[in-house]
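Everything on this sheet refers to the single structure shown next.
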Amino acid sequence: MQLHELIAKQDLYYQSGATRSVRFRRDQLWRLYRALAAHEDETLSALRTDLGKPAFESVASEIIVVQEEIRSAINNLGRWSRPKLALTSILSLPGLSMSIPEPKGRTLIIAPWNYPYQLTLAPAVAAIAAGNCVVLKPSEHSPAVTTLLTKIIREVFPEEYCAVVTGGVQETTELLRHAWGHVFFTGSTRVGRIVMKAAAETLSPVTLELGGKNPAIIDDDVNVEDTARRLVWGKFFNTAQTCIAPDYLLVHERVKKPLIDAMKKQINVFYGADPKTSPDYGRIINEQQFDRLVKLLDGASIIAGGDHDRAQRYLAPTLLEDVTLDHPVMADEIFGPILPIFTYKQIDEALAIAKRQPNPLSAYIFTRNHSLARRIVRELPFGGGCVNTTLAQFTNHHLPFGGIGASGMGSYHGKHGFVTFSHYKSLVVTNFWMDMPVKYPPYGMSHTFLLMIFRFMLLPTKLTARLRRSKT
Ligand code: NAD
């Protein structure tokens, strides 16, 4: 089917009102849940084909994430979709004020290849929960998962409600020529700019889930073994092709040596002496990404790993030290199993290095010193992060997930996804049995009196503000 035909069909379907009842949305989510469960083995094998992903990582970071999103939406949909009452202004009394969550219409979800299943389906769950029609555009670089998703979505939904469009730059560009109720894009900052520009032409609202260089700051007051284990796990999970993986380490010079020793030991514990033969270590998505990563090793001081095999798209878990800040490894998001390690004496030096980069999607802080952790959280802008662990902010669907500045705008997961795909329609309802004549012209003394009342009501706020100012 031609794209414009699909869009016309979805518009008609949406306008029919079929997607709007809570019951319909719940039924669709259940159908999706059951279909995904029925295809679980195929999902594991498709993720293994595209990314060499171990079954545990596939279940933990792809399948369960989507199941949790569906379960949370089904359980909370009634509450989320209810109108929310608000206070009513004195001029509109007697009256009732409320905001009503409404679907945005026909929505577009563009996904990347690194978590190709959940980064396509989790936003789709939010879009469906909010009552929208959906077009999914999975990545062309994870073909096995894209083929499977196309099959599942076709089995579960009629395309006038939810459809998959496959393809790459050309097809996505074509999709972006149309106006959408919402465009939800996950991918690189470079393409995020292209998507936002295209969406501006049609005034389609966007959520951008982008990448960035995520620092991990390690103070000298830490449990070195625990820190090493959590860093190695967070970095090399999914072969470090994770948007929230630590991108580089800023380590207090006093713990550098023990931390590096502990990390090397931990790599060995996780993946054995030869990670190439480990069933728990994946592969780089394609040759293009592999070549880009291997080139980053030029002229770098490799202290662990570094071996690679293009035929297998294998790159060992690699640690670098003595990297200069102008080395290519610090120019852009690494997005692969290479971890440069920098040292600092004073925390200000670490913060200065982190602040040289555009706002990252994540930041990780390891310390027993609570006031230091608070200071870093306060001073460093980042999308989300953890103190004394890694990746955990993503798996908690009660937390909003999203970036800031160059790492994105907007958020999702749980209720936040529902909010992203909803328009909150404001409404003031009044009646005919009383009208406040005082708001209408001709304006006279009674209007001046009314304004005085308003100013009087504002007085406490002004006083509090003045008191606060005088204290600081
Ligand atoms: P990408 O930006 O190259 O591609 C993402 C999607 O955009 C794909 O579906 C692709 O077909 C499409 N696309 C690519 N070029 C396009 C163009 N010129 N015009 C229109 N559409 C285009 O990203 P990727 O390589 O698939 O994924 C890796 C990136 O995604 C990394 O930067 C990573 O940090 C980021 N990412 C972010 C998150 C997050 O949640 N914030 C999650 C995963 C990945």
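Numbering of residues begins at 1 and proceeds along the displayed sequence. Note: hydrogens, waters and symmetry copies are ignored here, and every other heavy atom, side chains too, is used. In listed order, ligands and their atoms are each counted from 1.
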Per-atom filter on ligand 1: closer than 4.0 angstrom to a heavy atom of Trp113 are 24 (P), 25 (O), 26 (O), 27 (O)
Taking only non-hydrogen atoms of Phe335 and a 4.0 Å limit, the atoms of ligand 1 in range are 28 (C), 31 (C), 33 (C), 34 (O)
Numbered in order shown, the ligand 1 atoms found under 4.0 Å of a heavy atom of Thr172 are 11 (O), 20 (C), 21 (N)
Those residues at least two apart in sequence (or on a different chain) that pass side-chain contact (heavy atoms from CB on, under 4.5 Å) with Glu160 are Lys9, Tyr13, Pro158
* Heavy-atom gap Tyr115 to ligand 1 smaller than 4.0 Å -> no
Smallest heavy-atom separation, Ala73 atom then Val125 atom, equals CB-CG1, 4.3 Å
Here the gap from Leu315 atom CG to Lys276 atom NZ, rounded to the nearest 0.5 Å, amounts to 11.5 Å
Residue pairs passing the side chain to side chain donor-acceptor pair (under 3.5 Å) test with at least one member in residues 116-125, sequence neighbours excluded, are none
Here the atoms of ligand 1 under 4.0 Å from any heavy atom belonging to Leu119 are 42 (C), 43 (C)
_I want to know if ligand 1 touches Gln289 in the polar sense, i.e. an N/O pair below 3.5 angstrom._
no
Would Lys213 and Glu333 count as a salt bridge (charged side-chain N to carboxylate O under 4.0 Å, His left out) if you check the C-alpha gap in whole Å, the side-chain angles of each, and the deciding distance to 0.1 Å? CA-CA 5 Å; Lys213 287 191 84 62; Glu333 177 185 23; over 6 Å; no
ask   = Ala111 near ligand 1, heavy-atom distance under 4.0 Å?
value = yes
